[in-house]
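For reference, the structure is listed below as structure tokens.
Because only heavy atoms are used, hydrogens play no part in the values below, and waters and symmetry mates are left out as well, while side chains stay in. First listed ligand is number 1; within each ligand, the first listed atom is number 1. Residue numbers run from 1 in the order of the sequence given.
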Amino acid sequence: MKSSSIVLASRPTGVPTSDNFRAVESDIRQPEQGEVALRVLFLSLDPYMRGRMSEAKSYAKPVPVGGIMEGETVCEVTLSRHPDFQTGDIVRAMTGWCTHATLDAQRVRRVNTHGAPVSTALGVLGMPGFTAYSGMKVIGQPRKGETVVVAAASGPVGSLVGQLAKLAGARAVGIAGGSDKCAYVKNELGFDAVVDHRSQNFASELEGVCTKGIDVYFENVGGHVWDAVLPLLNQYARVPVCGLIAQYNGPGQSDHDRLPATMSAVLRRSLLLRGFINTEFLGAHYESFQQEIGPLVASGEIKFREDIVDGLRNAPEAFIGMLSGSNFGKLLIRVAE
Ligand SMILES: NC(=O)c1ccc[n+]([C@@H]2O[C@H](COP(=O)([O-])OP(=O)(O)OC[C@H]3O[C@@H](n4cnc5c(N)ncnc54)[C@H](OP(=O)(O)O)[C@@H]3O)[C@@H](O)[C@H]2O)c1
């Protein structure tokens, strides 16, 4: 038996292309004592992976050229040489972009999705969901009657941010790209308002639905969305800085120096801008996330959407598309049935 993997063939300059990836095959290693053999079912594709393709210093090490692309997966245990796991168990692990892996059992976590599909362990009940939950709980802290704005609102982070705002009694305003995503955010997710960031009148449309300003802006994108949000932030507004996807491929043509306007607003309106990586909050908040959000997802009270692409070989194209918004919901690769 062979395992297929996708490795980083070369480092991209700007937008990645399929040439930056290469498919390779290798033998599947039998597990030794304390290890488990895994068959990958779902691979999560996430924006952070763009950072791992670059050499630039960041909060995590880059993937070496020739190394397997990093990524979290949901897997089935096919053989266990550890007493805590049996054949057939469903687990999650950082196997990378591959079909099979053999890992130390300590690097594997059992999946508990409270009856929701196991794929949710990579989305609303996984890392992206926890990011939304912890960023809102620790930094955003929405209160009744406040206005919360989030972009990439149809994605796994943004969709939960808005629904958490609603649960806290706040008003949720989403920003999304295109009419289908906007309709979903308003009609299915139940946000109070939504604005299309591709609209020519985006900034004035955002102002039109934030008549009392913005109290919490959950920053997922940066770029032109930040330009439109900044003038609307109220005094003491909180800004959990979660992601800046607009700049992951490098500066865009319409980019300009945003620092003077941002710092001036921070000073004059006493804004709180706080960057975070979700792992910072795992110890303090992961258990409460599972206990609070798991049952709400399983009961259907919290909604989510998955965009599932079949076949590991299609991962590079799906990933490249996500960076410009071609995904609609949590992007997953179904590696095996
Ligand atoms: N800090 C952390 O620990 C942490 C953890 C997880 C994720 N994140 C960050 O959270 C953000 C959302 O992640 P996700 O997994 O939920 O992604 P996602 O929504 O599934 O996918 C990214 C979305 O970003 C939007 N987008 C891309 N380029 C844009 C641009 N130039 N302007 C405006 N929107 C743009 C697109 O949606 P539209 O078509 O709607 O524009 C795209 O679908 C990302 O920035 C990610 O890096 C941070």
N/O to N/O below 3.5 Å, does that happen between Ser324 and ligand 1? no

If you measure every N or O of Ser154 against every N or O of ligand 1, does any of those distances drop under 3.5 Å? no

4.0 Å heavy-atom contact, Thr279 with ligand 1: no

Heavy atom of Pro156, distance to ligand 1 below 4.0 Å: yes

How long is the span from the [atom1] atom in [X] to the [atom2] atom in [Y], to the nearest 0.5 Å?
X: Ile293; Y: Leu164; atom1: CD1; atom2: CG; result: 5.0 Å
X: Ser264; Y: Arg268; atom1: OG; atom2: CZ; result: 3.5 Å
X: Ile175; Y: Asp196; atom1: CD1; atom2: CG; result: 10.0 Å

At less than 4.0 angstrom from any non-hydrogen atom of [X], what atoms of ligand 1 do you find?
X: Met127; answer: 5 (C), 6 (C)
X: His197; answer: 32 (N), 33 (C), 34 (N), 38 (P), 41 (O)
X: Ala176; answer: 40 (O)
X: Gly155; answer: 16 (O), 19 (O), 20 (O)
X: Ala152; answer: 19 (O), 23 (C), 24 (O)
X: Arg198; answer: 39 (O)
X: Leu244; answer: 45 (O)
X: Gly243; answer: 9 (C), 45 (O)

Is the centre of the Phe281 ring less than 6.0 Å from the centre of the Tyr286 ring? no

Crowded around Lys166 NZ? As in, over 12 foreign heavy atoms under 6.0 Å? yes

Tell me if a side-chain donor or acceptor on Thr73 pairs with a main-chain N or O of Ala93 at a distance below 3.5 Å. yes

Side chain of Ser154, backbone of Phe328: donor and acceptor closer than 3.5 Å? no

